[in-house]
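Each remark here refers to the structure printed beneath this line.
On a predicted model such as this, the values are computed, not experimentally measured, just so you know.
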Amino acid sequence: MSVNFQGYSFKDSSLFETAMRHKSLLAFDRKGGSNERLEFIGDRILGLVIAEALYKKYSNEDEGLLAKRHSELVSSKSLLKVAEKINLKNRLKVSEELKRAKGVFGKPLANAVEALIGAVYLDSSFEVVKLFVLDLWSELLEEQVDVPVDFKTALQEFTQAEFKKLPSYEVLGMSGTDHNPKFEMEASIEIKKGQIVSAIGYGKNKKQSQMDSAKSLLEKLKK
């Protein structure tokens with residue numbers, strides 16, 4: 001039986017089924033395999049397609065700016081936005097244990113998007129999968145007007161130049177649930193002996209909260 005997903009009709013439906021099988025199922029049924037190998041090839045295809053799209057769209061930008069755009073567009077955050085857009089959560093198969101413990105969220109979903117790309121490629125051709133990816137990423141490519149800023153790196157460069165020191169980060173706490181946590185992070189730096197400037201940031205994980213606190217501290221120091 002053929003499978004049609006997001007406008008693409010699979011000639012080999014088993015590729016789609018494999019793309020939707022999380023590795024947690026292997027503990028109970030190894031016959032169907034998992035989507036890890038498809039994820040491997042899908043990750044490389046996604047990187048190339050987005051790189052080419054950015055190269056053509058921003059013809060006046062140098063490699064450094066293109067790399068920042070690329071990193072943002074192939075990040076887990078962007079993959080999860082695509083997963084939500086195509087309602088992949090309802091198609092991905094995980095073990096009941098994982099579903100009860102963590103649910104179908106985060107990394108398994110992001111990986112499944114890459115596995116889906118790999119499956120489409122193996123079932124068709126590079127030109128076909130390129131159009132498939134560009135369609136899925138069309139909104140993200142249009143939304144990205146400004147070059148994404150890595151506030152952690154920007155803060156580090158600023159404090160090294162101004163104070164010859166690096167900022168420090170401390171987790172102040174975590175609230176929310178296991179499925180929807182909220183981290184509170186403090187970024188700080190001693191600008192003079194005994195004079196410390198700090199700022200608080202929040203995020204769904206340590207990395208996001210660290211980035212948010214770095215942004216707040218950078219803004220405070222520049223004032």
Fill in: Step-by-step salt bridge (Lys or Arg N to Asp or Glu O under 4.0 Å) determination, Glu127 to Lys130
CA-CA 5 Å; Glu127 289 304 315; Lys130 181 168 75 170; 3.6 Å; yes
Practice prompt. Taking all non-hydrogen atoms of both residues into account, name the closest pair between Asp123 and Asp12 and its distance.
Written response: OD1-N, 2.9 Å
Worksheet entry | Worked verdict on Leu116 versus Ile86 for side-chain contact (heavy atoms from CB on, under 4.5 Å) | CA-CA 11 Å; Leu116 175 63; Ile86 62 178; 4.0 Å; yes
Item to complete: Report yes or no: do Ile50 and Leu48 belong to one cluster of Ile/Leu/Val/Met/Phe/Trp/Tyr joined by side chain heavy-atom distances under 4.5 Å?
Response: yes
Worksheet item: Between Leu92 and Pro108, which heavy-atom pair has the shortest distance, and what is it?
Response: CD2-O, 3.6 Å
Practice prompt. Verify the neighbour count for atom CD of Glu162: are there more than 12 heavy atoms of other residues, nucleotides or ligands below 6.0 Å?
Written response: yes
Discussion item. Tell me whether Ser9 contacts the main-chain N or O of Asn4 through its side chain, where contact means a donor paired with an acceptor under 3.5 Å.
Written reply: no
Worksheet item: Would you call Asp150 and Met211 a side-chain contact if the rule is heavy atoms closer than 4.5 Å?
Response: yes
Worksheet, complete the sentence: Separation between CG (Leu155) and OG1 (Thr159), nearest 0.5 Å, reads 5.0 Å
Worksheet entry | Reported OG-to-NZ distance for the pair Ser198 and Lys220, which is rounded to 0.5 angstrom | 5.5 Å
Item to complete: Check step by step if side-chain contact (heavy atoms from CB on, under 4.5 Å) holds for Phe126 and Val49.
Response: CA-CA 9 Å; Phe126 181 74; Val49 172; 4.0 Å; yes
Discussion item. Minimum heavy-atom separation for Ser138 and Lys85, please, with both atom names.
Written reply: OG-NZ, 3.9 Å
Discussion item. Could you check whether atom NZ of Lys207 has more than 12 heavy atoms from other residues, nucleotides or ligands sitting under 6.0 Å from it?
Written reply: no
Worksheet item: So do Leu79 and Trp137 actually touch side chain to side chain, heavy atoms under 4.5 Å?
Response: yes
Worksheet, complete the sentence: Nearest heavy-atom contact between Leu134 and Ala53 is CD2-CB, 3.9 Å
Discussion item. What I want to find out is whether Lys56 reaches Glu52 closely enough, with some N-O distance under 4.0 Å, to be called a salt bridge.
Written reply: yes
Worksheet entry | Side chains of Lys152 and Lys215 in contact at under 4.5 Å (non-hydrogen atoms) | no
Practice prompt. Using a 4.5 Å cut-off on heavy atoms from C-beta on, say whether the side chain of Tyr121 contacts that of Phe132.
Written response: no
Worksheet entry | Nearest-0.5 Å distance that lies between atom CG in Asn111 and atom CG in Leu88 | 11.0 Å
Fill in: Distance (rounded to the nearest 0.5 Å) between Met185 CE and Met174 CE
12.0 Å
Worksheet item: Can you tell me if NZ on Lys11 sees more than 12 non-hydrogen neighbours from other groups inside 6.0 Å?
Response: yes
Practice prompt. Compare all side-chain heavy atoms of Phe16 with those of Arg91 and state whether any distance is below 4.5 angstrom.
Written response: yes
Worksheet entry | Spatial distance of atom OH (Tyr55) from atom CG (Leu66) [nearest 0.5 Å] | 9.0 Å
Discussion item. Would a single hydrophobic cluster contain both Val3 and Tyr8, if residues Ile, Leu, Val, Met, Phe, Trp and Tyr are joined by side-chain heavy-atom contacts under 4.5 Å?
Written reply: yes
Item to complete: Would you check if Leu166 and Gln160 make a side-chain contact, meaning some heavy-atom pair closer than 4.5 Å?
Response: yes
Worksheet item: Can you name the closest pair of heavy atoms from Gly201 and Asp212 and give their distance?
Response: CA-OD2, 3.2 Å
Discussion item. Within a 6.0 Å radius of atom CD on Glu219, are there more than 12 heavy atoms belonging to other residues, nucleotides or ligands?
Written reply: yes
Fill in: Ser95 backbone acceptor or donor facing His22 side chain under 3.5 Å
no
Worksheet entry | Arg21 side chain to Gly33 backbone, donor-acceptor under 3.5 Å | yes
Item to complete: Would you please test Val171 and Glu184 for side-chain contact (heavy atoms from CB on, under 4.5 Å) and show each step?
Response: CA-CA 6 Å; Val171 177; Glu184 181 179 8; over 6 Å; no
Discussion item. Is the positively charged end of Lys204 above the ring of Phe183, judged by distance under 6.0 angstrom from the centroid and angle within 45° of the axis?
Written reply: no
Worksheet item: Would you say Arg44's side chain and Phe40's backbone share a donor-acceptor pair under 3.5 angstrom?
Response: yes
Discussion item. Do Val128 and Leu136 sit in one hydrophobic cluster, given that two such residues count as connected whenever their side-chain heavy atoms are within less than 4.5 Å of each other, even indirectly?
Written reply: yes
Worksheet item: Looking only at atom types and distance, does a side-chain atom of Asn205 sit under 3.5 Å from a main-chain N or O of Gln208, one as donor and one as acceptor?
Response: yes
Discussion item. Under the criterion ring-ring contact (aromatic ring centres under 6.0 Å, His included), I'd like the reasoning laid out for Phe10 against Phe5: C-alpha separation, chi angles, the key distance, then a yes or no.
Written reply: CA-CA 8 Å; Phe10 280 88; Phe5 189 72; 8.1 Å; no
Worksheet item: At their closest point, which heavy atom of Leu122 faces which heavy atom of Ile41, and how far apart are they?
Response: CD2-CD1, 4.2 Å
Worksheet, complete the sentence: So CG of Leu65 and OH of Tyr58: to nearest 0.5 Å the spacing works out to 11.0 Å
Worksheet item: When Leu46 is tested against each of Val113, Val74, Leu73 for side-chain contact (heavy atoms from CB on, under 4.5 Å), which residue passes?
Response: Val74
Worksheet item: So, the side chain of Lys57 versus the backbone of Leu141: is there a donor-acceptor pair under 3.5 Å, distance only?
Response: yes
Worksheet item: Does the Ser216 side chain pair with the main chain of Ser213, one donor and one acceptor, at a distance under 3.5 Å?
Response: no
Worksheet item: Partners of Gln144 by side chain to side chain donor-acceptor pair (under 3.5 Å), sequence neighbours excluded?
Response: Arg69
Worksheet item: Should Ile189 and Ile200 be regarded as members of a common hydrophobic cluster, given that ILVMFWY residues are connected when their side-chain heavy atoms come within less than 4.5 Å of each other, either directly or indirectly?
Response: no
Practice prompt. Walk me through it: do Glu190 and Lys165 pass the test salt bridge (Lys or Arg N to Asp or Glu O under 4.0 Å)?
Written response: CA-CA 8 Å; Glu190 186 178 37; Lys165 294 179 180 178; 3.4 Å; yes
Discussion item. If you apply the rule side-chain contact (heavy atoms from CB on, under 4.5 Å), what do you find for Gln210 with Phe151, and how did you get there?
Written reply: CA-CA 9 Å; Gln210 194 175 61; Phe151 289 105; over 6 Å; no
Worksheet item: Would a hydrophobic clustering, with Ile, Leu, Val, Met, Phe, Trp and Tyr connected at side-chain separations under 4.5 Å, put Leu54 with Leu131?
Response: no
